[in-house]
2 protein chains.
Amino acid sequence: MGGKKTTIQNHIKRVRLARTDLSQAALAEQVGATRQTIIAVEAQKYAPSLELAFRIAHVLGERIDELFVFSPEWN
Amino acid sequence: MGGKKTTIQNHIKRVRLARTDLSQAALAEQVGATRQTIIAVEAQKYAPSLELAFRIAHVLGERIDELFVFSPEWN
DNA sequence: CGTGAATGTAAAATATACTTTACATCAAAG
DNA sequence: CTTTGATGTAAAGTATATTTTACATTCACG
């Protein structure tokens, strides 16, 4: 109990394509980040900072805990 | 439009004291961080990572977007 | 075919979060 | 008064996120 492994996956790419017509570059500009950051985050290379996560969710019109799926340890 | 200044404030201390009897050290242990990190985050010195934010919200039984208040630019 | 927009990879540099260690203060309890 | 738990500050080091720059690929379009 009390294991430490948690994971976060995001649905940015899906939501970006489904609900907007923003390119990665356009989304990057709107959230005040670079294209590289969006590419890396969408590719699940690493999780964004909390602030960037909020900004992306805000621009995409999704709740942060729907856009980013947190998986705590279940055992 | 598209200003970049956003802020994040958290209600960790309030929720921790109101809904649990966890000390900062106990909370730190439960979320897999150090006491220093909890102190700094509660003191609004910096925002935690997205993963740590999720873990804290999970342990405190609050939604992440209620525990952390995001303020986008309004102009 | 040739051009441009969109996506991707890679590496080095910078910024920020997090840890580790050490020490200080205060209130509650023996 | 002394000890102990909880909270706080500070500084150095490590880990991770983000930027910057450069180049490659694919696809729609003239």
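From a predicted model like this one, the values you see are computed outputs, not experimental measurements. Residue numbering restarts at 1 for every chain, and letters A, B, ... go by the order of the sequence lines.
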Looking at side-chain heavy atoms only, is the closest gap between [X] and [Y] below 4.5 Å?
X: A/V31; Y: A/T37; answer: no
X: B/L50; Y: B/I64; answer: yes
X: A/E42; Y: A/R16; answer: yes

Tell me: [atom1] of [X] to [atom2] of [N], nearest whole Å?
X: A/D21; N: C/dA6; atom1: CG; atom2: C1'; answer: 13 Å
X: A/L27; N: C/dT7; atom1: CG; atom2: C1'; answer: 14 Å
X: A/I38; N: D/dT20; atom1: CD1; atom2: P; answer: 14 Å
X: B/I39; N: D/dT7; atom1: CD1; atom2: C1'; answer: 6 Å
X: A/L52; N: D/dT16; atom1: CG; atom2: P; answer: 18 Å
X: A/Q44; N: C/dT7; atom1: CD; atom2: C1'; answer: 16 Å
X: B/I56; N: C/dA17; atom1: CD1; atom2: P; answer: 13 Å
X: A/N10; N: D/dA17; atom1: CG; atom2: P; answer: 12 Å

Taking only N and O in the side chain of B/T37, is any of them less than 4.0 Å away from OP1 or OP2 of C/dC18?
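For C/dC18, OP1/OP2 do not have a side-chain N/O of B/T37 under 4.0 Å.
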
Just to confirm, is there a sub-4.0 Å distance from OP1 or OP2 of D/dT7 to any side-chain nitrogen or oxygen of B/R16?
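So the side-chain polar atoms of B/R16 do come within 4.0 Å of the phosphate oxygens OP1 or OP2 of D/dT7, strictly under.
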
So what is the 5' to 3' dot-bracket string for DNA chain C, if pairs are Watson-Crick or G-U wobble with both distances under 3.5 Å, crossing pairs use [ ] and | means the partner sits on another strand?
||||||||||||||||||||||||||||||

Heavy atoms only, 4.0 Å cut-off, all strands: where does [X] land among base, sugar-phosphate and nothing?
X: B/S23; value: sugar-phosphate
X: B/S49; value: sugar-phosphate
X: B/A33; value: sugar-phosphate

Quick check for you: among [options], whose closest atom lies nearest to any side-chain atom of [X]?
X: B/Q36; options: C/dT21, D/dT20, C/dC18; result: C/dT21
X: A/Q24; options: C/dA17, C/dT7, C/dT19; result: C/dT7
X: B/K13; options: C/dG8, C/dC18, D/dT7; result: D/dT7
X: B/T34; options: D/dT20, C/dT19, D/dA17; result: C/dT19

How many angstroms lie between atom CD of B/Q9 and atom CZ of B/F70, to the nearest 0.5 angstrom?
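The CD atom of B/Q9 sits 12.5 Å away from the CZ atom of B/F70.
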
Going from CG on B/L60 to CD on B/Q30, what distance comes out if it is rounded to the nearest 0.5 angstrom?
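Rounded to the nearest 0.5 Å, the CG-CD separation comes out at 9.0 Å.
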
Is A/I39 reachable from A/L67 through a run of I, L, V, M, F, W or Y residues, each pair having side-chain heavy atoms under 4.5 Å apart?
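No, no single cluster joins them.
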
Where each residue is assigned the nucleotide of DNA chain C containing its nearest heavy atom, which of B/A47 and B/R35 is assigned the position nearer the 5′ end?
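This one resolves to B/A47.
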
Side chains of A/Q44 and A/N10: is there a donor and an acceptor less than 3.5 Å apart?
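A donor-acceptor contact under 3.5 Å links the two side chains.
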
Hey, which of these two, A/K45 or B/L17, hits DNA chain D nearer its 5' end, going by closest nucleotide?
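The answer here is B/L17.
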
How about CZ on A/R63, more than 12 heavy atoms from neighbouring residues, nucleotides or ligands closer than 6.0 Å, or not?
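Correct, the count exceeds 12.
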
